[in-house]
Amino acid sequence: MGSLMIENIQAAPKGDPEIEVLIGKGKNQVTIDQIDTERVGHYAAEDADITLRLHQTLWPKLESEDSLAKLFQTLEVPLVPVLSRLERNGVRVDSEMLSRQSQELAIGMHELEQQAHGSAGHSFNLGSPKQIGEIFFNELKLPVISKTPKGAPSTAESVLVELADQGHELPALILEHRGLSKLKSTYTDKLPGMVDPDTGRVHTSYHQAVAATGRLSSSDPNLQNIPIRTEAGRRIRQAFVAEPGWKMVAADYSQIELRIMAHLSEDKGLLSAFAAGEDIHRATAAEVFAESLDEVTPEQRRSAKAINFGLIYGMSAFGLAKQLGIGRGAAQEYVDLYFERYPGVREFMDRTRKEAHEKGYVQTLFGRRLYLPDINSRNHQRRTAAERTAINAPMQGTAADIIKRAMLAVDDWIQTDKPPARPLMQVHDELVLEVQADYLDVACESLRRHMESAAELAVPLVVGLGVGDHNRLCHLAIGQFFIWTAHDGHP
DNA sequence: AACGGCTCGC
DNA sequence: CTGCGAGCCGTTC
């Protein structure tokens with residue numbers, strides 16, 4: 001069974017560990033030096049108290065800054081046993097369903113392979129970007145759309161889409177084949193083999209000290225990248241099931257990063273849009289494209305959504321143009337118009353960039369820091385990359401802080417009240433629980449309350465709830481299919 | 001084993 | 001020339 005402690009321990013040199021994990025209480029307490037690292041998961045499984053201590057180098061550094069020491073002691077350390085419980089709960093998967101999907105995917109891939117070989121006039125490996133590049137750009141003389149960082153002509157998804165749109169058959173076949181191949185190799189083939197024979201469930205490992213922004217990461221298996229975008233992908237979610245008599249419940253923060261941007265920037269327009277409970281992309285479209293809310297077209301909303309995401313990622317007008325497939329001038333007009341309508345956001349971004357250059361780091365609302373050694377680099381590419389990170393990290397990191405606080409609150413509720421509910425997964429802005437069907441309404445309301453009160457921002461924190469259909473996770477986390485509950489907890 | 005290229009998620 | 005991850009396959013050493 002995976003365990004977050006193992007990751008932290010392995011990072012420390014043996015004999016002089018920078019991080020010490022104590023398991024058990026009083027006389028029963030042992031340190032990591034006294035036990036077999038392989039058995040840490042086992043000790044944790046006995047629900048022992050887990051204590052995390054920092055030693056010589058790290059602790060003085062943390063202690064010198066109040067906000068960092070506080071974050072460590074009140075958030076990260078208490079989270080250790082919460083993550084341990086999350087990992088031990090595990091998720092039930094329907095292995096037979098996945099195996100059937102593997103067979104279907106194999107058939108689909110074989111058909112596509114035959115067609116692709118026919119189209120190319122000879123057989124080749126559809127999994128080899130190198131061979132595809134040879135056929136595309138040497139044999140078929142297709143135009144080179146973009147290049148990889150190493151200078152080779154790219155055959156990435158966006159390139160294949162563009163070539164397919166130009167009417168070329170082979171790129172479309174490869175595109176479809178890649179999609180199926182990814183689903184089969186990563187999910188439908190792999191997941192059944194990762195079911196723990198003792199529990200009949202898959203137990204991921206959450207990593208607390210990997211992502212620079214403070215997010216968690218997940219591995220073996222990674223439960224934070226289960227497909228959802230395509231129909232074939234969503235079918236994989238159907239294999240994540242609740243035990244009989246229980247239901248899967250997913251609760252996700254609505255637009256948490258944009259809400260954090262509103263809070264940090266104190267932009268009047270953004271604050272009032274969220275206060276009014278507006279669809280934020282629609283509201284942005286109305287502002288930028290000078291229409292009333294009702295007159296926003298789907299196209300305009302799509303553009304506004306791209307602008308909003310671009311802002312969170314520190315994207316330039318050039319990047320926006322590429323994303324929207326419009327000219328650079330038009331994209332620049334959109335950006336200018338946006339900042340005219342939301343001047344507080346521009347000031348926030350300028351302020352953040354300035355702070356990064358002066359201090360060498362940026363921080364989240366709760367004082368988590370990200371140091372940016374490249375922020376004053378003479379290398380333009382490195383410097384601008386660091387500036388984009390400086391813009392993104394406070395928002396991504398604050399969202400991570402908030403959901404960690406929510407996880408502590410939810411865990412405390414479950415440990416104290418002992419409702420028939422178990423947290424199973426965290427996916428950055430979403431918590432997934434398994435809840436006894438009879439208890440669904442009460443659990444959903446408690447869950448929502450704990451998540452929405454995890455932080456006090458200048459805008460409301462809003463949580464969307466989804467309940468699995470026929471105990472399955474299939475319809476969860478697809479915004480437009482949610483049955484949104486107002487605030488009464490009744491779908 | 002390490003890396004490049006690609007694709008899955010938020 | 002949009003942020004943060006994990007993991008697969010092919011290729012190279």
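Below, chain A is the first sequence line, B the second, and so on; all start at residue 1. The shown structure was predicted, so the numbers you read here are calculated from the model rather than taken from an experiment.
- Listed nucleotides: dG5(C), dT2(C), dC10(B). Nearest to the side chain of Tyr313(A): dT2(C).
- With dC6(B), dG3(C), dC1(C) as the candidates, the nucleotide lying closest to the side chain of Ser316(A) is dC1(C).
- Among the nucleotides dC8(B), dG10(C), dA6(C), the one closest to the side chain of Ser219(A) is dA6(C).
- Across dC1(C), dC10(B), dC8(B), the shortest atom-to-atom separation from the side chain of Gln381(A) is found for dC1(C).
- Judged by distance alone with a 3.5 Å cut-off, no donor-acceptor contact links the side chain of Arg178(A) to the base of dC6(B).
- Looking at the side chain of Asp220(A), the nearest of the listed nucleotides dG7(C), dC8(B), dC10(B) is dG7(C).
- Ser181(A) comes within contact range of no nucleotide atom at all, as no heavy-atom separation falls under 4.0 Å.
- When rounded to the nearest whole Å, the span between CG of Asp252(A) and C1' of dC10(B) equals 10 Å.
- For dG5(C), neither phosphate oxygen OP1 nor OP2 lies less than 4.0 angstrom from any side-chain nitrogen or oxygen of Thr213(A).
- The separation between Glu257(A) atom CD and dT2(C) atom C1' is 12 Å, rounded to whole Å.
- Remark: Ser217(A) is in phosphate contact with dA6(C), judged by side-chain N or O atoms under 4.0 Å from OP1 or OP2.
- One interatomic measurement links the two molecules: CD of Gln323(A) to P of dT2(C), which rounds to 10 Å at whole-angstrom precision.
- OP1 and OP2 of dC9(C) both lie 4.0 Å or more from every side-chain N or O belonging to Ser128(A).
- No hydrogens or angles considered: nothing links the side chains of Ser205(A) and Ser219(A) as a donor-acceptor pair under 3.5 Å.
- When each of dC10(B), dG7(C), dC4(C) is scored by its nearest atom to the side-chain atoms of Lys182(A), the top-ranked nucleotide is dG7(C).
- When the P atom is used for both dC1(C) and dG4(B), the distance is 16 Å, rounded to whole Å.
- Taking the side chain of Tyr187(A) as heavy atoms from C-beta on, and the options dC10(B), dC8(B), dG5(C), the nearest nucleotide is dC8(B).
- Considering only side-chain N and O atoms, Lys130(A) lies nowhere under 4.0 angstrom from the phosphate OP1 or OP2 of dG4(B).
- Counted by atom type alone, His122(A) and Glu139(A) present one or more donor-acceptor pairs between their side chains at under 3.5 Å.
- Nearest heavy-atom pair, Val296(A) versus Arg301(A), reported as atom, atom and distance to 0.1 Å: CG1-N, 3.9 Å.
- In this structure, the nucleotide among dG5(B), dC8(B), dC6(B) sitting nearest to the side chain of Ala156(A) is dC6(B).
- Rounded to whole Å, the distance from CG on Leu311(A) to C1' on dT2(C) is 10 Å.
- Residue Tyr371(A) contributes atom OH, which lies 20 Å from atom C1' of dC4(C) at whole-angstrom precision.
- Judged by distance alone, the side chain of Ser217(A) and the main-chain N or O of Ala211(A) form no donor-acceptor pair under 3.5 Å.
- Spacing between atom CD of Glu157(A) and atom C1' of dC9(C) amounts to 17 Å, rounded to whole angstrom units.
- Within the 4.0 Å cut-off from OP1 or OP2 of dG5(B), at least one side-chain nitrogen or oxygen of Thr148(A) is found.
- Here Gln131(A) reaches the OP1 or OP2 of dT11(C): one of its side-chain N or O atoms lies under 4.0 Å away.
- Taking 4.0 angstrom as the limit, Ser154(A) places none of its side-chain polar atoms (N or O) nearer than this to OP1 or OP2 of dG5(B).
- Set against dC10(B), dC6(B), dG3(C), the side chain of Pro129(A) has dC6(B) as its closest nucleotide.
- Summarising the geometry of Asp196(A) relative to His203(A), their closest heavy-atom pair is CB-CD2, 3.6 Å, with the distance given to 0.1 Å.
- Residues Tyr338(A) and Tyr342(A) bring their aromatic ring centres within 6.0 Å.
- Protein atom CZ of Arg215(A) is 10 Å distant from nucleotide atom P of dC10(B), rounded to whole Å.
- Looking at heavy-atom distances under 4.0 Å, Thr384(A) makes no contact with the nucleic acid at all.
- Ala385(A) comes within 4.0 angstrom of no nucleic acid atom, judged by non-hydrogen atoms across all strands.
- Here the closest heavy-atom approach between residue Leu447(A) and residue Ala251(A) is recorded as CD2-CB, 3.7 Å.
- For Arg388(A), no side-chain nitrogen or oxygen approaches OP1 or OP2 of dC1(C) to under 4.0 Å.
- Across all strands, Gly310(A) comes closer than 4.0 Å to no nucleic acid atom at all (heavy-atom distances).
- Residue Asn125(A) contributes atom CG, which lies 11 Å from atom C1' of dT11(C) at whole-angstrom precision.
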